[in-house]
There are 2 protein chains.
Amino acid sequence: MSADEHHATKDVPAVSRAVAILDLAARSDEPLTLADVARALGLPKSSAHGLCATLANLGLLRRRGGAFVLGGHVMRWANAFAARSDVAEEFSRLWDETPALRVETLTLTILDGADVVYIASRHGEDPLGITFRIGMRLPAAFTATGKAMLSTMEINEVRGLYRRGLPAPMTERTVRTLDVLEEELDEVRRRGFSIDDHQVRDGMVCVGAPVFDFSGERAIGGFAISILDPNVETDRIATLGADVIRYARLLSQRLGS
Amino acid sequence: MSADEHHATKDVPAVSRAVAILDLAARSDEPLTLADVARALGLPKSSAHGLCATLANLGLLRRRGGAFVLGGHVMRWANAFAARSDVAEEFSRLWDETPALRVETLTLTILDGADVVYIASRHGEDPLGITFRIGMRLPAAFTATGKAMLSTMEINEVRGLYRRGLPAPMTERTVRTLDVLEEELDEVRRRGFSIDDHQVRDGMVCVGAPVFDFSGERAIGGFAISILDPNVETDRIATLGADVIRYARLLSQRLGS
DNA sequence: CTTGAGTGTTCAATATGTTGAACGTTGTTC
DNA sequence: GAACAACGTTCAACATATTGAACACTCAAG
């Protein structure tokens, strides 16, 4: 977005500042003082004061002594955002109706830039050692759901996302270059499902497949099954792959694909 | 909050308006046009235009054709809000470590005004017919976790929350008056656990207990076990009650209580 | 106990965001 | 195809939000 190029493209400054304050609070490990906010964002103290007071009155920040932390109002929007997603609802229904799915961990994500965002998860009976929280973000290139969604995109769009290179690796096995990622995406298209073999977490293997809606073009979400099995056998991956394709198709069919 | 009484109490109007737009988008079943926003909030069209463009640029709204829906940026804040809660982390750990808990549905809420907000949930093997989504809100007076938390509060504070009466009932069994609620809270204190017997949903019975942190005063959260059993027997409730007390205490101990 | 540094709060002058009017676009009706 | 209504977009005049300066408060150091 070319800033200040044209009147109409200029953001409302107070709103931008307020969002920057909330982002700062989200990133911060401890409550933020007014002085912290003014310093970190380069704001006059009186401006920081007015904005923080407003955010506190609106329930977006909460005062803890003289400092601020994120308030609960954000959860109203998060709830609405997650609920608005038809695919999340279908995911919940699928889980309720399919006892066989309860052993492994299931997740559903959407793509946001080069990240996946978790919009639904059901942790299985077998522990993974990782909790996929709603709202959590991970690099799409590394996750099973992300690879599944990327594989439905035009190659130039994928290259556009990674023109400055891939994110920092998370394990020894994490994909590091765009060339290798493109080869992986070719394999996903051929096989029909994606594999995250220890790329996000050592020992964790995930298979994923894209979920489509009625438009049937690019994926609107990614569905994955995850297990913790450092030495998983090839035929188990094939079985899980068949499962994830089947259930992702079932989700897609319910969404009019 | 006495509006306009004093300079310092006046909110930043653009921020209030932006939040009102996001609240409207959260409430709306369909994408909102600029005209919808201007009309619903009584804003000039050009002001609505500028605010919506700004929110879209910041990722808080997303354009769908010529209309707007909530954007994914809210999930960054929701994730941070939920992750910030130590009690949610301990809840996840408890689930991972305790296979016996996997049969029923477990939930964890915090109190926000007269509502509970779900900050963690694990759906059990037995289906409930209701999905507790993170961020979801329900009236505290009706839920097991809410009653558990209310029971640790000063009675005048409870009366303050309900000075205008209880919310609209959700079932035939929902508590309707403050007097009855106070009796229920007396029973919770005596018994050590709360019961939602079909007050939120027909057929669903939940038991709850408060969770404390190191301060040990009022509850910081409520923990509940939920089952779908229209004709649950008294001794099953007692067993679930003992369980919920035990696990809530375990959570509390881990939080320094 | 005093002093100094850093914090939060207040308010009128000043810089600038808001908005009414105008215009272009789109879709519906006749 | 024309006319009309409702929409989205633009921009300069004007209403008002922002902020520098000042002050009160709190806490730590000496």
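Computation of the quantities below employed the complete heavy-atom set of this structure, encompassing side-chain atoms and omitting hydrogens, waters and symmetry-equivalent molecules. Below, chain A is the first sequence line, B the second, and so on; all start at residue 1.
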Using a cut-off of less than 4.0 Å, is there contact between a side-chain N or O of A:R39 and OP1 or OP2 of C:dT7? yes

For A:D36 and A:T33, which I'm curious about, is there any donor-acceptor pair between the side chains at under 3.5 Å? yes

B:L61 and side chain to side chain contact (heavy atoms under 4.5 Å, CB included): which partner among B:L55, B:V69, B:L32, B:V37? B:L55

Among the nucleotides C:dA22, C:dT9, D:dG20, which one has an atom lying closest to any side-chain atom of A:K45? C:dT9

Partner of B:Y118 under ring pair (Phe, Tyr, Trp, His ring centres under 6.0 Å), chosen from B:F91, B:F132, B:F223: B:F132

Let me confirm one number: the CG-CD1 distance from B:L51 to B:I21, rounded to the nearest 0.5 Å. 4.5 Å

Check the distance between D:dT9's C1' and B:L51's CG and give it to me in whole angstrom. 15 Å

Without decimals, in angstroms, what is the distance between B:L43 CG and D:dC7 P? 15 Å

Integer-rounded Å distance: D:dT18 P and A:I21 CD1: 11 Å

Phosphate OP1/OP2 of D:dT9: any B:H49 side-chain N/O under 4.0 Å: yes

With respect to the phosphate group of D:dT19, does any side-chain polar atom (N or O) of A:R17 fall under 4.0 Å of OP1 or OP2? yes

A:L34 atom CG is separated from D:dC25 atom P, nearest whole Å, by 17 Å

State whether the distance check finds a donor on one side and an acceptor on the other, under 3.5 Å, for side chain A:S46 versus base C:dG8. no

Which nucleotide in C:dG8, D:dC7, D:dT18 has an atom nearest any side-chain atom of B:A35: D:dC7

CG of A:D11 versus P of C:dT18: gap in Å, rounded? 11 Å

Establish whether the base of C:dG8 is bridged to the side chain of A:T33 by a donor-acceptor pair shorter than 3.5 Å. no

